[in-house]
Number of protein chains: 2
Amino acid sequence: MQNGSSSMVSEVRVASRDLVRQLGLMNQTVAGTDLSVSAVHAIIEINQTDRLSSKDLSEKLLLEKSTVSRLVKSLIKRGEVCEMRSEHDARVKHLSLTPIGNNTLQFIDRFAEAQVSTALDRLGNDAQAGILKGLQDYSSALQPRMADEMPDRSGAAVTIESGYSAPLIGRVLEMIVSHMNRHYGFGSSFEAKVATELAQFIGRLDSPQNSIWRALRGDEIVGSISIDGENLENGQAHLRWFVVSNTIRGGGVGGALLDAAIEFCDSQGYHECHLWTVKGLDAARSLYERKGFVLAEEYRGDQWGDEVLEQKFVRSVG
Amino acid sequence: MQNGSSSMVSEVRVASRDLVRQLGLMNQTVAGTDLSVSAVHAIIEINQTDRLSSKDLSEKLLLEKSTVSRLVKSLIKRGEVCEMRSEHDARVKHLSLTPIGNNTLQFIDRFAEAQVSTALDRLGNDAQAGILKGLQDYSSALQPRMADEMPDRSGAAVTIESGYSAPLIGRVLEMIVSHMNRHYGFGSSFEAKVATELAQFIGRLDSPQNSIWRALRGDEIVGSISIDGENLENGQAHLRWFVVSNTIRGGGVGGALLDAAIEFCDSQGYHECHLWTVKGLDAARSLYERKGFVLAEEYRGDQWGDEVLEQKFVRSVG
DNA sequence: CCATATAGTTGTATTATACAACTATATGGA
DNA sequence: TCCATATAGTTGTATAATACAACTATATGG
């Protein structure tokens with residue numbers, strides 16, 4: 001497992017910050033227009049995709065749907081965009097640019113093209129190609145990858161088993177703690193806390209309210225998830241210690257673990273299943289939301305040691 | 001003069017947009033925090049520079065001073081930043097991070113480092129280096145360059161002369177029209193308009209209210225500027241047709257032309273000098289502001305043909 | 001000494017983002 | 001077929017950010 005070197009990472013960050021400033025991304029208006037970044041992106045996307053809906057736009061811009069709804073409304077008011085109700089689904093509206101919107105798009109294109117080509121003209125062809133490749137590699141590498149969307153490089157089959165097998169506690173600790181240490185600097189007190197609670201939980205596995213699953217690649221434990229039915233109020237399950245090894249890419253391991261946990265909750269008749277995570281783990285969030293979890297709360301908390309921005313997700317049954 | 005190819009430019013733009021979205025730059029909060037992009041940048045800068053003032057910060061972030069003042073005020077209120085009045089200048093306050101601010105900085109660093117290294121780890125060392133170099137090249141190439149800050153590649157001396165010499169109208173037209181065509185798509189009607197007005201103005205050069213200057217490199221006209229004293233109200237001069245050739249880099253040609261025009265205005269007793277420009281020409285804007293021009297108005301206008309976002313700058317004497 | 005410049009603050013206006021609740025329409029299982 | 005639930009989009013609400021302009025306090029140089 002190779003890490004980008006600390007100096008390389010720092011320098012990428014410096015360059016990224018510089019780009020943000022040069023491109024005016026902190027300013028209220030961009031591209032020589034009186035439009036925001038989001039509005040400029042929206043206009044470009046609306047032009048590029050036939051029959052684009054607000055939902056599509058929200059997904060492309062990675063913005064919340066109400067934000068997009070208001071953005072579209074504002075652009076319609078300016079005369080830049082018009083909408084037409086879909087013939088197939090009366091809820092959906094297809095967005096397109098008006099002639100005014102097309103004028104604005106042309107202006108934006110000229111402005112941006114001039115800006116970029118002015119920059120590129122200062123450099124030779126090799127450097128230009130390097131810029132393009134670097135930007136493309138970086139942006140695609142930044143894409144959140146859901147565990148079950150990436151091809152498994154090892155090619156070995158992974159199975160999901162319920163119950164304990166050695167060295168489950170150690171493996172779970174290793175995977176969780178190395179991740180949290182790397183991302184949040186959590187150290188020994190964090191690991192001690194998790195170990196104590198997990199060990200205590202394993203001692204409670206004989207209770208039908210609790211269960212644990214492990215993902216196995218051969219004999220190797222590469223993932224785990226637990227449902228603790230004794231930790232919250234009656235009728236509420238606590239999804240805990242959900243982790244997939246960094247060596248796993250794809251194969252749907254995370255999704256399968258989550259499915260197993262959810263099926264257990266439903267068959268046990270839990271009304272709700274709660275989990276806590278740290279803001280920013282977008283891949284995990286996507287997976288939770290796909291499985292019916294909804295963000296219930298967000299706060300600064302220290303349940304994992306140091307203070308982080310915590311999110312609580314809840315999946316409710318009826 | 002080589003242009004970045006149209007396809008190359010488009011692809012750089014696509015990748016840039018994608019980066020904006022992946023990095024969450026359109027979102028209200030970033031880096032797993034409840035802070036804005038600007039606040040995160042501010043915290044990082046305050047940590048990096050001893051005795052940083054608000055003015056310094058405003059220059060680094062490329063944000064307006066009142067925005068920075070409020071941003072700092074907000075961070076102080078949150079307990080992240082403290083300020084200390086300078087011993088040398090009672091107006092200046094030096095900013096530093098509090099222990100709370102340092103905690104936040106550490107969180108941001110970990111978050112960003114994990115994000116970047118997660119992305120970089122997906123790629124080999126060559127691609128990582130390519131990303132870094134591409135980002136660095138692009139951001140530095142995007143830096144606005146003032147004409148008089150860039151070394152003159154030709155090495156030949158440029159002189160400023162007043163009055164007309166052939167083919168002044170043609171050269172001014174060529175420089176202005178190719179620039180505006182490239183940046184804004186202005187075409188034949190624009191050129192006809194400029195030619196008519198410039199030719200008419202040359203016919204008015206015998207009036208002591210008007211004057212024109214040209215920058216000469218040998219016999220070649222590489223820049224020009226005009227003051228039209230009959231175009232606005234009494235006491236107001238109209239600075240028109242200011243242009244420097246793309247082949248000129250540095251040598252202070254733009255500044256020298258502007259100085260000549262300003263000296264003329266002052267000696268003629270004009271109370272004000274007005275000029276119009278297009279929003280987004282940051283290099284020109286810097287130069288104007290350095291010479292005492294102040295943004296007076298900004299609006300959508302079409303004085304140059306197609307509709308653009310126009311800015312009017314005014315330099316007042318007493 | 002004083003007109004002017006400068007660093008920073010405040011007045012004012014506008015706008016953008018997101019959580020939550022709501023409305024209208026679609027869907028699929030009983 | 002019906003109805004509980006899901007979905008696309010809108011609105012309520014709150015908060016915060018950005019910038020032009022005017023102001024206050026301090027510095028500067030003729």
Side-chain angles (χ1 to χ4, degrees), chain A residues 24-30 33-42 52-59 61-78 83 85-95 279 289-290 292 294-299 311-312 316-318, chain B residues 24-30 33-42 51-59 61-78 83 85-95 279 289 292 294-299 311-312 316-318:
Chain A
L25 295 168
M26 293 190 284
N27 300 101
Q28 226 169 7
T29 59
V30 293
T33 70
D34 57 355
L35 296 167
S36 65
V37 181
S38 306
V40 167
H41 276 228
L52 191 72
S53 69
S54 282
K55 177 176 157 45
D56 298 330
L57 190 55
S58 174
E59 283 169 6
L61 301 190
L62 304 179
L63 288 174
E64 205 260 343
K65 62 181 178 176
S66 69
T67 299
V68 170
S69 176
R70 295 179 210 277
L71 173 58
V72 167
K73 188 171 180 176
S74 153
L75 290 174
I76 288 170
K77 187 174 176 185
R78 288 173 62 117
E83 59 186 7
R85 199 162 292 276
S86 162
E87 322 88 34
H88 301 117
D89 184 336
R91 298 170 301 181
V92 177
K93 300 176 179 177
H94 295 308
L95 307 173
K279 183 175 180 176
E289 289 176 335
R290 271 209 357 225
V294 172
L295 181 66
E297 273 179 84
E298 186 172 285
Y299 45 84
Q311 296 175 318
K312 173 176 153 186
S316 301
V317 181
Chain B
L25 295 168
M26 293 190 283
N27 299 101
Q28 225 170 9
T29 58
V30 293
T33 69
D34 57 356
L35 296 167
S36 65
V37 180
S38 306
V40 168
H41 276 226
R51 313 171 68 79
L52 191 73
S53 69
S54 283
K55 178 176 157 42
D56 299 330
L57 190 56
S58 174
E59 285 169 5
L61 300 192
L62 304 178
L63 289 175
E64 204 259 344
K65 63 181 177 176
S66 69
T67 299
V68 170
S69 176
R70 293 178 211 277
L71 173 57
V72 168
K73 188 171 183 178
S74 153
L75 289 174
I76 288 170
K77 185 174 177 187
R78 286 173 61 115
E83 59 187 7
R85 199 162 294 274
S86 161
E87 323 86 37
H88 302 116
D89 184 336
R91 298 170 300 180
V92 177
K93 300 177 182 177
H94 295 308
L95 307 174
K279 182 173 180 178
E289 289 176 333
V294 171
L295 180 67
E297 273 178 83
E298 184 171 287
Y299 45 85
Q311 296 175 319
K312 172 177 157 187
S316 302
V317 180

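Every chain is numbered from 1, with letters handed out A, B, ... down the list of sequences. Bear in mind the structure is a predicted one, so any value in this text is a computation, not a measurement.
- In this structure, CD of B/Glu64 is placed 12 Å from C1' of C/dT10, rounded to the nearest angstrom.
- Base pairing analysis places D/dT5 opposite C/dA26; the two distances defining the Watson-Crick or G-U wobble pair are each below 3.5 Å.
- Nucleotide C/dA5 holds its P atom 17 Å from the CG atom of B/Asp89, rounded to whole Å.
- Nucleotide C/dA18 holds its P atom 14 Å from the CG atom of B/Asp34, rounded to whole Å.
- At the heavy-atom level, A/Ser69 lies under 4.0 Å from base atoms of the strands shown.
- Both distances falling under 3.5 Å, in either a Watson-Crick or a G-U wobble arrangement, place D/dA22 opposite C/dT9.
- Of all heavy-atom pairs between B/Ser58 and B/Glu64, the closest is OG-C, 3.9 Å.
- The side chain of B/Glu83 sits closest to C/dT9 out of C/dT9, D/dC20, D/dG9.
- If you take CZ of A/Arg85 and C1' of C/dT25, they are 9 Å apart, rounded to a whole angstrom.
- Between A/Leu57 atom CG and C/dA16 atom P the separation is 14 Å, expressed in whole Å.
- With distances taken from any side-chain atom of B/Ser66 to the nucleotides D/dA19, D/dT13, D/dT7, the minimum falls on D/dA19.
- Note: CG (B/Leu71) to C1' (C/dT9) measures 14 Å, nearest angstrom.
- In this structure, NZ of A/Lys73 is placed 18 Å from P of C/dA18, rounded to the nearest angstrom.
- Taking every side-chain heavy atom of B/Lys55 into account, C/dG8 is the closest of D/dG9, C/dG8, C/dA18.
- The backbone N or O of B/Leu35 sits nowhere less than 3.5 Å from a side-chain atom of B/Thr29 that would complete a donor-acceptor pair.
- For A/Ser54, taking side-chain heavy atoms from C-beta onward, the closest of the listed nucleotides D/dT18, C/dG8, D/dT10 is D/dT10.
- Remark on DNA chain D: of its neighbouring residues A/His94 and A/Gln28, the 5'-side contact belongs to A/His94, judged by nearest-heavy-atom nucleotide.
- The structure places CG of A/Leu75 at 9.5 Å from CG of A/Leu95, a figure rounded to the nearest 0.5 Å.
- Taking only side-chain nitrogens and oxygens, B/Ser53 never comes nearer than 4.0 Å to OP1 or OP2 of C/dA7.
- Side-chain atoms of B/Ser53 never come within 3.5 Å of backbone atoms of B/His94 as a donor-acceptor pair (strictly under, hydrogens ignored).
- If you check D/dA25, D/dT18, C/dA26 against the side chain of A/Ala90, the one that comes closest is C/dA26.
- For A/Arg70, the side-chain atoms get nearest to C/dA18 when compared with the rest of C/dA7, C/dA18, C/dT10.
- Along DNA chain C, the nucleotide closest to A/His88 and the one closest to A/Ala39 are compared, and the more 5′ of them pairs with A/Ala39.
- Taking atom CE of residue B/Met26 and atom C1' of nucleotide D/dA16, one finds them 18 Å apart after rounding to whole Å.
- A donor and an acceptor atom sit less than 3.5 Å apart, one in the side chain of B/Lys65 and one in the base of C/dG8.
- Under the Watson-Crick and G-U wobble criteria, each requiring two contacts below 3.5 Å, nucleotide D/dG30 is paired to C/dC1.
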Working for side chain to side chain contact (heavy atoms under 4.5 Å, CB included), residues A/Ile76 and A/Glu83: CA-CA 8 Å; A/Ile76 288 170; A/Glu83 59 186 7; 3.5 Å; yes
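- Inter-residue side-chain proximity for A/Thr67 and A/Leu61 is flagged as unmet; no heavy-atom pair is nearer than 4.5 Å.
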